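The block underneath contains the structure these notes are about, expressed in structure tokens.
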Amino acid sequence: MSQSMTGAYASQTATKHAGPVPCLTFKEECEEPVRFYVSLIKDSKVKTLIRSDGRGPIPEGQLMHASFVLDGRDFVAFDGGPSFSFSEAISMMVTCETQEEIDDLWARLTEGGGEPGPCGWLKDRFGVSWQVVPAALGEMMSNPSGGDSAKVMDALLKMGKLDIAELKRAYRGGS
């Protein structure tokens, strides 16, 4: 859905939300990452794309504001200009059930200039940091009576992309 900028900007963007909504401010061309993220994550969609009508400092047709949903959660995004950049101080975290899901998401997020990082972290080609983690990690880290949580942490700290089988091996007392 695309809308033009009019004098009723506030009424077009006012939406009731259940709480704070993360806003991603890109240097430029935020429509590309928004569409990319929606294609990656289940239960996701672009809600609105508001473009300038040219009656102001922003050229006609340029995207001014995007609202979208990732896995049922609301987000907004816009272009802020060259002074904006992302850091690891905030990241998107995705929990995966299987190694195949981790492998697929990791590959898609690092393609085209993304950068793998340590401990399940990566930076996508748009500069946004992500944590791609297995669902089983929470249990392994929070239940030392079921296995060796310290060995899980030791194994995790040596990994880039997380490997569920290796983490489970460490949890069961392997190296």
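What you are looking at is a predicted structure, and each value in this text was computed from that prediction instead of being measured. Start at 1 with the first residue, then count along the sequence.
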Of the non-hydrogen atoms in P116 and L122, which two are nearest, and what is the gap between them? CA-CB, 4.2 Å

Going by atom types alone, do S91 and Q131 pair a side-chain donor with an acceptor below 3.5 Å? yes

Contact between Q62 and R51 at the side-chain level, heavy atoms closer than 4.5 Å - yes or no? no

Identify the two heavy atoms, one from N143 and one from S149, that lie closest to each other, and give their separation to 0.1 Å. C-OG, 3.9 Å

Is the positively charged end of R35 above the ring of F68, judged by distance under 6.0 angstrom from the centroid and angle within 45° of the axis? no

Sub-3.5 Å donor-acceptor pair from the side chain of Q99 to the main-chain atoms of L162, do we have one? yes

Does a side-chain heavy-atom distance below 4.5 Å link V152 with L137? yes

V21 and D74 have their tightest heavy-atom pair at CG1-O, 3.5 Å

Verdict with supporting geometry, S44 and V69, side chain to side chain contact (heavy atoms under 4.5 Å, CB included): CA-CA 5 Å; S44 300; V69 176; 5.6 Å; no

Are any side-chain N or O atoms of D124 and backbone N or O atoms of F126, one a donor and one an acceptor, separated by less than 3.5 Å? yes

Trace of the salt bridge (charged side-chain N to carboxylate O under 4.0 Å, His left out) decision for D103 with K161: CA-CA 8 Å; D103 294 346; K161 177 177 64 174; 3.1 Å; yes

At their closest point, which heavy atom of A135 faces which heavy atom of E97, and how far apart are they? CB-OE2, 3.5 Å

Would you please test F86 and F26 for ring-ring contact (aromatic ring centres under 6.0 Å, His included) and show each step? CA-CA 8 Å; F86 295 102; F26 294 87; 5.1 Å; yes

Is any NZ, NE, NH1 or NH2 atom of the basic residue among E88 and K123 found under 4.0 Å from an Asp or Glu carboxylate oxygen of the other? yes

